[in-house]
Protein chains: 2
Amino acid sequence: MSPDDRRAAIVAATRAVMARNGIAGTTVRDVAAELGTSSGLIHHYSASLDELLAEAFEQVAREDLERVRRAFAGVDDAIGRLRVFFDVYARDDDQGIQTWLDAWSEAARRPALQRISRRLNEEWQALLASIIGQGVADGSMVCDDVDAVSWRILSLLDGLALQVVAHGDVISLGEADAWSRAGAERELGLPSGALSLALAR
Amino acid sequence: MSPDDRRAAIVAATRAVMARNGIAGTTVRDVAAELGTSSGLIHHYSASLDELLAEAFEQVAREDLERVRRAFAGVDDAIGRLRVFFDVYARDDDQGIQTWLDAWSEAARRPALQRISRRLNEEWQALLASIIGQGVADGSMVCDDVDAVSWRILSLLDGLALQVVAHGDVISLGEADAWSRAGAERELGLPSGALSLALAR
DNA sequence: AACCCTATTGCGCAGATGTCCAATAGGCAT
DNA sequence: ATGCCTATTGGACATCTGCGCAATAGGGTT
């Protein structure tokens, strides 16, 4: 197996274990077992577990980001794009959000992971800000502080998703989805229902 | 030392270690060392670490809740109470929020902790809902779904606090505070600035 | 065929962790 | 003074952890 392929396989195995056991529950031996190789090999390719976790996490998170960007194809208006943004976010499974929870919690103890988590969160906010900026520019949205509102919407999404994942059925996934869309509508001066599920339209 | 005092001392020591190392970083031996006793003693009083962490966490979280309720003394109007709510929430130090982050993340792996975390979160939401319910009743706030808006405001607070604690200076504590108040004003149909820091008034 | 390079192994190290248990000690009732 | 009860000790146990290292094997080059 070529070094590049091996490297990729290790990260892929790490992702699989992460999805199953969470970031905090991912060990070098687990990754090796998932891959069917020895644990020494993992360290031959990765300086430390911290780095490896950070790389795997970055890949997962970046794929989600890419999925949103790809879903923008053919949707040019700001409101349509924001709707797509929510659609993709809502499809995110429990595993994905648990991984984010772990990342935020582990950030205090894993420097590499913190850097990645931070950067990715900023990219999500920037993506949101670009949509809202477009909406404000073409007059379809009303907002006097794009940065603040972007962070608010993102935090709202994270905070609601957190309740769903960490606490089970305190609130349902459907409520979290509907409530976050309603919150964004209010923030951006949109009529109620303007951001309802794009697929249902 | 009487059993009751000992029990209380163990929980207090657990809280101290939790504040220093986070929930995930709290071990039985650390607690014993903090207390200056043996590790065996901890298990003589507590069935498992999971239970102990849950009990200590509950105490911390419940104190915060009590602090808000106490701060309500002498404040009878809904808007004033909501302002106080934000004041207390904002004073919450980094350690406190890191503990919540750990709790949400660890909930997937520690059943006792999950139960407590869930119940406490519901109490926070209920407290918020009671304030908003009062505001709607006396006409000072506008809101057509008290439950949804309560969860939104709470999630907004948690989501913003999360950024501050997990990622350092992505956003400042001041921004998180100001933005969450502004978000709540918008949600409840209040004029901008209506929820500004109570102490500054 | 000889050689080398490196991917890969397998194990060891040192430390940590939750849990449990036999032994002790110290106070209280008799 | 005797006996009992339990709080408390200190360490054993089994397991897990990240990491490093000497040995090996297998493929590619000369």
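Keep in mind that what you see is a predicted model, and the values were worked out from it rather than measured. Order of the sequence lines fixes the chain letters, A, B, ..., with proteins taken first and strands second; residue numbering starts at 1 for each chain.
Test A/Glu55, A/Glu63, A/Glu34 against A/Arg15 for side chain to side chain donor-acceptor pair (under 3.5 Å) and you get one pass: A/Glu63.
For the pair A/Met141 and A/Glu187, the minimum side-chain heavy-atom distance is 4.5 Å or more. Annotation: side chain of B/Thr27 is not in contact with side chain of B/Asn21 (no heavy-atom distance under 4.5 Å).
Rounded to whole angstrom, the span from the CZ atom of A/Arg109 across to the C1' atom of D/dG18 amounts to 17 Å. The CE atom of B/Met1 sits 15 Å away from the P atom of C/dC28 (whole-angstrom rounding). For B/Ile10 and D/dA7, the CD1 to C1' distance is 10 Å, given to the nearest whole Å. Summarising the geometry, the separation between CZ on A/Arg7 and P on C/dT6 is reported as 13 Å, rounded to the nearest angstrom. Rounding to whole angstrom units, CZ of residue A/Arg110 and C1' of D/dT17 are separated by 11 Å. One atom, CD1 of A/Ile42, and another, P of C/dC11, lie 17 Å apart when rounded to the nearest Å. B/Leu41 places its CG atom 14 Å from the C1' atom of C/dA25, with the value rounded to the nearest Å.
Between A/Val28 and B/Arg29, the residue whose closest nucleotide on DNA chain D is further toward the 5' end is B/Arg29. Taking for each of A/Gly25 and B/Ser39 the nucleotide of DNA chain D with the nearest heavy atom, the 5'-most of the two is the partner of B/Ser39. Summary of the strand contacts: A/Tyr45 and B/Asp30 both lie near DNA chain C, and taking for each the nucleotide with the nearest heavy atom, the more 5' one is attributed to A/Tyr45.
Counting any heavy atom pair closer than 4.0 Å across all strands shown, A/Thr37 reaches sugar-phosphate atoms only and no base atom. B/Ser38 comes within 4.0 angstrom of a base, heavy atoms only. Residue A/Leu49 is in sugar-phosphate contact alone, with no base atom involved, counting any heavy-atom pair closer than 4.0 Å across all strands shown. Across all strands, B/Ser2 comes closer than 4.0 Å to no nucleic acid atom at all (heavy-atom distances).
The shortest distance between the side-chain N/O atoms of A/His43 and the OP1/OP2 oxygens of D/dG20 is not below 4.0 Å. Using a 4.0 Å cut-off, no side-chain N or O of A/Arg6 falls inside it from OP1 or OP2 of C/dT6. Contact annotation: A/His44 does not reach the phosphate of C/dT8 (side-chain N/O to OP1 or OP2, under 4.0 Å).
In this pair, A/Tyr89 and A/Phe85 present their aromatic rings parallel. The plane angle is below 30°, not in the 30 to 60° band.
Under a 3.5 Å cut-off, the side chain of B/Ser105 and the backbone N or O of B/Leu101 do not form any donor-acceptor pair.
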